[in-house]
Amino acid sequence: MDPVTAAYQAWTEHRFYAYRGCAPDADTPSRAAGNTALTLDAWTGTTEDGGEDQATRRERQDAAVEVCLNCPVMVQCDVYGGMVGADGKLLDPYGIRGGRTALERHRLLVKSRKEPLPLPVPAPDHELRTEQKLSVLRALAVHESPEDVARAAGMDLRTANWQRARITTQLGLSKTASRAEVLEAAVARGLLRADEVAVPAPSVVSVPGGRRGARGRRVASVPGQLSFFEAGPALGAAA
């Protein structure tokens with residue numbers, strides 16, 4: 001079950017969902033059960049442009065949030081209210097959900113995108129010293145393309161890619177870590193020796209000049225070079 005469906009069911013199928021504060025009052029269906037002084041649209045407000053001044057909106061939102069804080073399904077409503085769709089936007093971008101206004105939920109979404117995801121906890125050595133993982137590391141040390149790595153490791157491409165992904169997270173690195181970062185971490189953990197890792201030969205590329213008509217200057221580039229290579233010899237060029 002996908003997270004959105006699970007969150008929706010956890011909210012709507014909660015045993016106290018029928019008793020939520022924003023549900024219609026049994027005696028006055030046009031009013032909210034949690035506070036009959038509020039109409040059911042207190043959680044959404046008017047959709048008319050300029051139909052509500054700032055003071056009125058704030059008073060309405062404060063009263064609605066107060067109901068949310070005493071609601072038996074507030075937590076579940078809050079979780080679903082913060083769900084994001086495939087387009088990266090809130091599934092429900094309007095109104096108050098789980099005690100949060102639409103603006104507060106948007107701000108939380110923006111904040112979550114700015115904050116880096118926590119790195120995985122490095123796995124113990126014995127989980128990395130399996131035959132397949134060490135084979136992939138040795139192949140990765142001298143090859144760059146996934147196909148060459150799989151061939152050198154003696155396994156199919158899908159298995160090699162899966163093992164490489166597992167190695168990356170078990171080393172405590174982000175899933176987007178580069179080949180250089182993976183190899184450097186592997187050497188630091190003693191899974192590879194520095195002299196097992198091949199260094200690509202420097203290539204010369206042309207960099208355009210900064211002014212119109214100026215000649216481009218030529219600089220050396222060493223793709224994928226690792227910082228610890230300075231201390232050890234290279235065995236060969238990477239594929």
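We count residues from 1, following the sequence as given.
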Task: Partners passing side-chain contact (heavy atoms from CB on, under 4.5 Å) against Gln54 (at least two apart in sequence or in another chain) - done: Arg57, Arg58
Open item on the list: Which residues pass the side-chain contact (heavy atoms from CB on, under 4.5 Å) test with Ser178, not counting sequence neighbours?
Closed with: Ala180, Glu181
Mind listing the closest non-hydrogen atom pair of [X] and [Y] along with its distance?
X: Ala23; Y: Ala18; answer: CB-O, 4.0 Å
X: Ala153; Y: Ser135; answer: CB-O, 3.9 Å
X: Gly98; Y: Cys68; answer: C-CB, 4.4 Å
X: Pro24; Y: Pro29; answer: CB-O, 3.4 Å
X: Val67; Y: Cys22; answer: CG1-N, 4.5 Å
X: Gln132; Y: Thr159; answer: NE2-CG2, 4.0 Å

- [ ] State which residues pass salt bridge (Lys or Arg N to Asp or Glu O under 4.0 Å) with Arg60; sequence neighbours excluded, sorted by chain then number.
- [x] Glu52
Task: Contacts of Asp25 that satisfy salt bridge (Lys or Arg N to Asp or Glu O under 4.0 Å) - sequence neighbours left out - done: none
Task: Residue pairs involving residues 76-85 (criterion salt bridge (Lys or Arg N to Asp or Glu O under 4.0 Å); sequence neighbours excluded) - done: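 Output for this query lists Asp78-Arg100.
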TODO: Sort and list the pairs that fulfil salt bridge (Lys or Arg N to Asp or Glu O under 4.0 Å) and have at least one residue in residues 123-135, not counting sequence neighbours.
DONE: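 For residues 123-135: Asp125-Arg189.
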Return all side-chain donor-acceptor pairs below 3.5 angstrom for residues 164-173, not counting sequence neighbours, or 'none' if the list is empty.
residue	atom	partner	partner atom	Å
Thr168	OG1	Arg164	O	2.9
Thr169	OG1	Ala165	O	3.4
Thr169	OG1	Arg166	O	3.1

Are [X] and [Y] connected, step by step, through hydrophobic side chains (Ile, Leu, Val, Met, Phe, Trp, Tyr) whose heavy atoms are closer than 4.5 Å?
X: Leu91; Y: Ile96; result: no
X: Tyr17; Y: Leu40; result: no
X: Val79; Y: Met74; result: no

Donor-acceptor pair, [X] side chain versus [Y] backbone, under 3.5 Å?
X: His14; Y: Phe16; answer: yes
X: Arg97; Y: Ala102; answer: no
X: Arg20; Y: Thr12; answer: no

Task: ring pair (Phe, Tyr, Trp, His ring centres under 6.0 Å) contacts in which one or both residues fall within residues 59-95, not counting sequence neighbours - done: Tyr8-Tyr80, Trp11-Tyr80
Between [atom1] of [X] and [atom2] of [Y], what distance do you get to the nearest 0.5 Å?
X: Leu192; Y: Leu183; atom1: CG; atom2: CG; result: 6.5 Å
X: Arg193; Y: Arg138; atom1: CZ; atom2: CZ; result: 10.0 Å
X: Asp148; Y: Leu157; atom1: CG; atom2: CG; result: 10.5 Å
X: Glu144; Y: Arg179; atom1: CD; atom2: CZ; result: 4.5 Å
X: Leu137; Y: Leu128; atom1: CG; atom2: CG; result: 7.5 Å
X: Gln61; Y: Thr56; atom1: CD; atom2: OG1; result: 11.0 Å

Does [X] sit in a hydrophobic cluster with other residues, and if so which ones, taking ILVMFWY side chains as linked at heavy-atom separations under 4.5 Å, directly or through other members?
X: Leu103; value: none
X: Trp162; value: none
X: Val84; value: Leu90, Leu109

Task: Counterpart residues, ring-ring contact (aromatic ring centres under 6.0 Å, His included), relative to His106 (two or more places apart) - done: none
Open item on the list: Please evaluate residues Leu69 and Glu66 with respect to the criterion side-chain contact (heavy atoms from CB on, under 4.5 Å), reporting the C-alpha separation (whole Å), side-chain torsions for both, the decisive distance (0.1 Å), and the verdict.
Closed with: CA-CA 5 Å; Leu69 296 178; Glu66 186 66 27; 4.3 Å; yes
Task: Pair Asp87 + Lys89, salt bridge at N-O below 4.0 Å - done: no
Open item on the list: With side-chain contact (heavy atoms from CB on, under 4.5 Å) as the criterion, how do Leu38 and Trp43 come out once you've worked through the C-alpha distance, each side chain's angles and the decisive distance to 0.1 Å?
Closed with: CA-CA 9 Å; Leu38 299 177; Trp43 282 261; 4.2 Å; yes
